[in-house]
Amino acid sequence: MQGPVGLLALQGDFALHAQLLADVGVDTVEVRCADDLTGVSGLLLPGGESTTIAMGIERENLKKPIRDLAAAGIPIFGTCAGMVLMSSSHLGLIDMEVERNAFGRQIHSFEADLDIEGLDGAGVRGLFIRAPIVASVGPAVSVLAEIDGSIVGVKQGNCTAISFHPELVGDPRLHLQALGRAGVPSGESGT
Ligand code: GLN
């Protein structure tokens, strides 16, 4: 039996991720403190305001438990602010430096079609909202997606981060892949 996917629920759009995953039969649990991580089979760090979420992680002493999950091989998936949190300056789950709000103040949001390395089917519609880009990566990091030469998706072992929002366009494929649920038929949670 596979545990639910934890959704870090300190701030941000975790409820939309819960809905997207529910639609494909994946159970989720909201994570606000370390105890909530017990038994999760994956962890999602949502978009929102990375400074606010980072303060919550400090306040709730979640840094070590999240790092321990990653070290135990549990899949961890960060989107947008979640990508910022996974970088070397925060949780250090992926060997990368990110630049916040990197597409300029005037470009608050835009959409673009993206080819994702290793993802079956059509490209992903990337919706970018005050999105970060990955400024540099270490040797263990694979690049999953780029836009105009800027890195917007990366993977290191069981940790995946993207700077856009599939939950807002209703595309669960990256979630399923990043959380180790690819191949689970829609409507079955595998539990
Ligand atoms: N600009 C936000 C930050 O750096 C991220 C925006 C988002 O998650 N949509 O925290």
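Computed from a predicted structure; not experimentally measured. Note that ligands are numbered from 1 as they come in the structure, with each ligand's atoms numbered from 1 the same way.
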Please, which pairs that meet side chain to side chain donor-acceptor pair (under 3.5 Å) have at least one residue in residues 66-86, sequence neighbours excluded? Lys64-Asp68
Dump the intermediate steps for side-chain contact (heavy atoms from CB on, under 4.5 Å) on Met86 and Met96, then the final yes or no. CA-CA 8 Å; Met86 290 175 82; Met96 64 176 172; 4.3 Å; yes
Phe128 and Phe164 aromatic ring geometry - parallel, tilted or perpendicular at 30°/60° bounds: tilted
Contact residues of ligand 1 (heavy atom under 4.0 Å), by chain and number: Gly47, Gly48, Glu49, Ser50, Cys80, Ala81, Arg100, Asn101, Ile129, Arg130, His165
Transitive ILVMFWY cluster of Ile129, excluding itself - 4.5 Å side-chain cut-off: Leu16, Leu127, Leu168, Val169
Quick one: does any side-chain atom of Glu111 pair with a main-chain N or O of Arg125 as donor and acceptor, under 3.5 Å? no
Non-neighbouring partners of Glu117 that pass side-chain contact (heavy atoms from CB on, under 4.5 Å), sequence neighbours left out: Leu144
